[in-house]
Trainee: 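Take this structure, written in structure tokens, and hold onto it; I'll ask about it next.
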Amino acid sequence: MAPDRVARENTGLDWLYRGVSEIFPDRPDSEDTSENLAQRLAKTDRPLRVKLGIDPTGAEIHVGHSIPVRKLREFQDAGHQAVLIIGDFTAQIGDPTGKSEVRKQLTPAEVKQNAQTYLEQVRPILDLERVEIRYNSEWLSKLDLGKIIELLSTMTVGQMLAKEGFADRYAKENPIFLHEFLYPLMQGYDSVAVQADVELGGTDQKFNIAVGRDLQRYFGLLPQFGLLMPILLGTDGKEKMSKSLGNYVGLLEEPLSMYSKLEKTPDNLLPEYFELLTDLPLETLPENPRDRQKLLALNIVSQYRGEEAAKKAQEAAIELVKGAGTTAADSVPEFSLSEVQFPAKLFYILNAAGLCKSGNDAKRQIQGGAVRLDGERIEQVDLGFDAPTELAGRTLSVGKNRFVRLVT
RNA sequence: GGGUCGGUGCCCGAGUGGUUAAUGGGGGCGGACUGUAAAUCCGCUGCGUAAGCUACGCUAGUUCGAAUCUAGCCCGGCCCA
């Protein structure tokens with residue numbers, strides 16, 4: 001189940017190979033710096049330009065997104081030049097990959113904002129002082145039809161259809177829009193524009209990165225290396241991590257929320273998570289799966305929120321499972337009862353506090369025995385309260401993961 | 001452009017005039033169990049603090065009554081050009 005890894009020993013480049021699925025081209029025995037990345041790193045007389053492209057579409061990113069960023073940081077630490085491409089041009093057109101869901105077009109202001117949010121989130125990982133940040137509209141918006149046709153003429157339909165995804169969709173008789181063919185070319189052209197030596201990405205980026213190589217060669221440049229990392233599976237252990245599937249751990253989440261998700265990481269995912277999301281040595285992990293989960297959670301939360309906050313989150317998580325968290329109270333998100341008009345039904349409050357999707361959902365949760373007040377199960381669906389004072393200071397929970405402390 | 005098939009709830013997919021938010025599966029949520037896991041079993045799975053309101057691509061119509069019939073439109077697949 002674990003993806004294949006590039007394994008090298010005693011090269012002094014352990015950092016390079018950790019958590020990497022594939023490097024291409026890859027001729028381990030070759031002395032040629034154009035087909036052996038280790039050779040290139042050893043012999044280069046200048047910092048390599050290492051490219052990572054991001055989509056400034058969504059606001060919040062998750063630990064899966066952090067993987068190539070972590071790798072980028074490692075290159076920085078080795079003295080190379082990180083080049084972060086903000087795909088503002090691409091984002092404005094909207095990539096319909098996968099579902100034919102039309103993405104809303106983003107205004108330049110939104111792109112700017114999203115990019116800023118993105119940078120804030122990766123700040124704990126990346127040395128932002130030493131990153132070259134480029135917006136791809138800088139060159140893509142200047143392409144005229146002649147140039148675009150030239151780009152298109154470098155590839156055949158057959159080559160395009162070889163791309164995973166396209167092939168599937170074509171086979172399933174799903175629609176494929178013509179402009180989608182432009183995406184790999186645009187991303188590849190980014191590599192031309194910034195003269196990338198290495199491009200980082202998930203394994204799903206192989207095709208696009210390879211197109212970048214082809215284009216670089218076409219334009220007389222030295223082709224880049226591709227360095228692919230596994231796509232992280234989500235906390236459900238089945239699907240790839242994504243916000244829409246809800247199986248993600250966001251970088252902006254509360255420490256407690258991050259911690260509780262991560263400490264439940266499925267056993268089969270633990271090695272993967274350790275390798276890709278932490279720097280911990282993999283040989284010395286605790287035997288007990290439970291301890292491994294805790295260590296993982298603690299380590300990752302520390303990376304983004306600091307060690308102290310992580311420890312607090314751990315304590316809070318333990319408290320909350322036992323029952324009503326009291327000493328852990330300050331780690332639990334608060335909900336102000338002033339937002340509720342009394343008298344109020346409990347299911348209404350559950351919804352208002354964001355613990356349930358809707359009032360009706362809240363009723364169902366109560367019926368299902370999921371709702372607790374200070375650790376005590378609520379049986380009465382219609383339970384109501386006359387004044388906020390009856391609830392202030394108490395902890396309301398739904399299931400094992402959703403907690404809120406009620407305040408006035 | 002022509003022909004043809006199709007568009008159902010988060011997803012897939014039944015349903016083809018009439019108790020019904022709409023069979024079933026997946027997913028999700030919750031409960032029991034457990035290692036706060038996996039597996040298993042069970043429950044829930046439109047919105048509204050209420051009266052009630054919205055749902056089967058969109059719009060208009062036929063009907064006491066439509067997701068189911070009619071017309072127009074939009075979108076997609078396939079075949080032909």
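Each chain gets a letter, A, B and so on, in the order the sequences are listed, and its residues count up from 1. Atom set for the values below is all heavy atoms of this structure, side chains included, hydrogens, waters and symmetry mates excluded.
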Trainee: What about A:W139 and A:F89, are their ring centers closer than 6.0 Å?
Mentor: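 Centroid distance A:W139-A:F89: not below 6.0 Å, so no.
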
Trainee: May I ask you to decide whether A:E315 forms a salt bridge with A:K311, counting only side-chain N to carboxylate O separations under 4.0 Å?
Mentor: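 No, A:E315 and A:K311 are not salt-bridged.
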
Trainee: In whole Å, what is the span from the CG atom of A:N401 to the C1' atom of B:G28?
Mentor: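 To the nearest whole Å, that distance equals 13 Å.
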
Trainee: Using every non-hydrogen atom in the two residues, find where A:D291 and A:P286 come nearest and quote the distance to one decimal.
Mentor: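 Shortest heavy-atom contact: CB-CB, 3.8 Å.
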
Trainee: May I ask which nucleotide in the shown strands pairs with B:A39, Watson-Crick or G-U wobble, both distances under 3.5 Å?
Mentor: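 Across any shown strand, B:A39 pairs with none.
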
Trainee: For the side chain of A:Q216 and the backbone of A:S191, is there at least one donor-acceptor N/O pair under 3.5 Å apart?
Mentor: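 Side chain of A:Q216 to backbone of A:S191: a pair is present.
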
Trainee: Whole Å only: how far is the NZ atom of A:K363 from the C1' atom of B:C29?
Mentor: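 Atom-to-atom, A:K363 to B:C29, this comes out as 18 Å.
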
Trainee: Between B:G30 and B:U23, how far apart are the two P atoms, rounded to whole Å?
Mentor: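 Pairwise P distance, B:G30 against B:U23, rounds to 23 Å.
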
Trainee: Does A:D267 contact B:G35 through a side-chain donor or acceptor facing the base, at a distance under 3.5 Å?
Mentor: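 In this structure, the two groups form a donor-acceptor pair.
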
Trainee: Which listed nucleotide (B:G48, B:G35, B:G28) is nearest to the side chain of A:R290?
Mentor: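 Of B:G48, B:G35, B:G28, B:G35 is nearest to the side chain of A:R290.
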
Trainee: Let's see if you get this right: which residues in residues 337-359 of chain A place a heavy atom under 4.0 Å from RNA chain B?
Mentor: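 Listed by number, they are A:Q341, A:P343, A:A344, A:K345, A:F347, A:Y348, A:N351, A:S358, A:G359.
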
Trainee: Could you tell me how far apart A:N360 (CG) and B:A55 (P) are, to the nearest whole angstrom?
Mentor: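 Atom CG in A:N360 sits about 17 Å away from atom P in B:A55.
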
Trainee: Using the C1' atom on both, measure B:U45 against B:A55 and round to a whole Å.
Mentor: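 Looking at atom C1' only, B:U45 and B:A55 are 16 Å apart.
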
Trainee: Taking the same atom, P, in B:G7 and in B:C53, what whole-Å distance lies between them?
Mentor: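 B:G7 and B:C53 have their P atoms separated by 29 Å.
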
Trainee: If you restrict it to nitrogen or oxygen atoms, what contacts under 3.5 Å exist between nucleotides 75-81 of chain B and the protein, and what is each distance?
Mentor:
unit_1: B:G77; atom_1: O2'; unit_2: A:E173; atom_2: OE1; d: 2.9

Trainee: Can you tell me the distance, in whole Å, between the CD atom of A:Q367 and the P atom of B:C44?
Mentor: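 Atom CD in A:Q367 sits about 9 Å away from atom P in B:C44.
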
Trainee: Take atom P in B:U70 and the same atom in B:C79, then report the distance between them in whole Å.
Mentor: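 Their P atoms lie roughly 28 Å apart.
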
Trainee: Reckon A:Q293 touches a base, only the sugar-phosphate, or nothing at all at heavy-atom distances under 4.0 Å?
Mentor: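 If one applies the 4.0 Å heavy-atom cut-off, A:Q293 turns out to touch a base.
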
Trainee: Who are the side chain to side chain contact (heavy atoms under 4.5 Å, CB included) partners of A:E339, not counting sequence neighbours?
Mentor: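 Expected list: A:F335, A:S336.
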
Trainee: Do the side-chain N or O atoms of A:R364 get closer than 4.0 angstrom to the phosphate oxygens (OP1, OP2) of B:G28?
Mentor: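 No, A:R364 has no side-chain N/O under 4.0 Å of OP1/OP2 on B:G28.
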
Trainee: Between the side chains of A:K312 and A:E308, is the shortest nitrogen-to-carboxylate-oxygen separation below 4.0 Å, so that they form an ion pair?
Mentor: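 Looking at A:K312 together with A:E308, the answer is no, because their closest N to O distance does not fall below 4.0 Å.
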
Trainee: Looking at B:A50, which nucleotide sits across from it as a Watson-Crick or G-U wobble partner, both distances under 3.5 angstrom, or is there none?
Mentor: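 Per the H-bond distance test, none.
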
Trainee: Judged by each residue's nearest nucleotide on RNA chain B, which is more toward the 5′ side, A:V371 or A:Y259?
Mentor: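 Closer to the 5' end of RNA chain B: A:V371.
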
Trainee: Between P on B:C11 and NZ on A:K238, what's the gap in Å once rounded to a whole number?
Mentor: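 The answer, rounded to whole Å, is 19 Å.
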
Trainee: When rounded to the nearest Å, what value does the distance between C1' atoms of B:G43 and B:A50 take?
Mentor: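 Taking atom C1' in both B:G43 and B:A50, they lie 27 Å apart.
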
Trainee: With C1' as the reference atom in both, quote the distance from B:G2 to B:C10 in angstrom, rounded to an integer.
Mentor: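 The answer is 38 Å between these two C1' atoms.
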
Trainee: Using the C1' atom in both, what is the distance from B:C56 to B:A67, to the nearest Å?
Mentor: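 The same atom, C1', in both gives a distance of 4 Å.
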
Trainee: Mind checking A:R292 for me? I need base, sugar-phosphate or nothing, with any heavy atom below 4.0 Å counting as a touch.
Mentor: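 Touches nothing.
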
Trainee: Expressed as a whole number of angstroms, how long is the span from A:Y248:OH to B:G28:P?
Mentor: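 A:Y248 atom OH is separated from B:G28 atom P by 15 Å.
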
Trainee: Which nucleotide, if any, forms a Watson-Crick or G-U wobble pair with B:A14, using both distances under 3.5 Å?
Mentor: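 Pairing partner: none.
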
Trainee: Establish, from distance only, whether the side-chain atoms of A:S137 and A:D88 form a donor-acceptor pair under 3.5 Å.
Mentor: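 Looking only at side-chain atoms, A:D88 and A:S137 do form a donor-acceptor pair, the distance falling under 3.5 Å.
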
Trainee: Quick check on B:G31: is either OP1 or OP2 less than 4.0 Å from any side-chain nitrogen or oxygen of A:R377?
Mentor: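 Indeed not, no polar side-chain atom of A:R377 lies that close.
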
Trainee: With both distances kept under 3.5 Å, what pairs with B:C69, Watson-Crick or G-U wobble?
Mentor: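 With both distances under 3.5 Å, B:C69 matches B:G61.
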
Trainee: Please determine, for B:U23, whether a Watson-Crick or G-U wobble partner exists with both distances under 3.5 Å, and give it or none.
Mentor: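 Pair assignment: B:U23 / none.
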
Trainee: Within this structure, what is the CG-to-P distance between A:N247 and B:A37, rounded to whole angstrom?
Mentor: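 Computing the A:N247:CG to B:A37:P distance gives 17 Å.
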
Trainee: Of the non-hydrogen atoms in A:I209 and A:G226, which two are nearest, and what is the gap between them?
Mentor: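 So the two residues come closest at CG2-CA, 3.7 Å.
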
Trainee: Can you tell me how the ring of A:F75 sits relative to the ring of A:H80, calling it parallel under 30°, perpendicular over 60° and tilted otherwise?
Mentor: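 Rings of A:F75 and A:H80: perpendicular, over 60°.
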
Trainee: Could you verify whether a donor N or O on one side chain and an acceptor N or O on the other, from A:T90 and A:N136, lie under 3.5 Å apart?
Mentor: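 The answer is yes; a qualifying pair exists.
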
Trainee: Who is the Watson-Crick or G-U wobble partner of B:C33, with both distances under 3.5 Å?
Mentor: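 Partner of B:C33: none.
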
Trainee: Expressed as a whole number of angstroms, how long is the span from A:L270:CG to B:A37:C1'?
Mentor: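 Computing the A:L270:CG to B:A37:C1' distance gives 9 Å.
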
Trainee: Could you please name the partner base of B:G6, counting Watson-Crick and G-U wobble pairs only when both distances are under 3.5 Å?
Mentor: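 Here B:G6 is engaged in a pair, and the nucleotide opposite it is B:C75.
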
Trainee: Could you tell me the Watson-Crick or G-U partner of B:G1, where both distances fall under 3.5 Å? Say none if there is no partner.
Mentor: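 Its partner is B:C80.
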
Trainee: If only side-chain N and O atoms count, and only distance matters, is there a donor-acceptor pair under 3.5 Å linking A:E254 with A:Y259?
Mentor: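 The answer is no; no qualifying pair exists.
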
Trainee: Can you confirm whether the side chains of A:Q187 and A:Q205 place a donor and an acceptor under 3.5 Å from each other?
Mentor: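 On atom types as modelled, these side chains qualify, holding a pair under 3.5 Å.
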
Trainee: Please measure how far the P atom in B:A66 lies from the corresponding atom in B:G61, and state the result in whole Å.
Mentor: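 It comes out at 13 Å once rounded to the nearest Å.
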
Trainee: When we call it a touch if two heavy atoms are under 4.0 Å apart, what does A:K261 touch: a base, just sugar-phosphate, or nothing?
Mentor: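 The answer is nothing, as A:K261 stays clear of every strand by at least 4.0 Å.
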
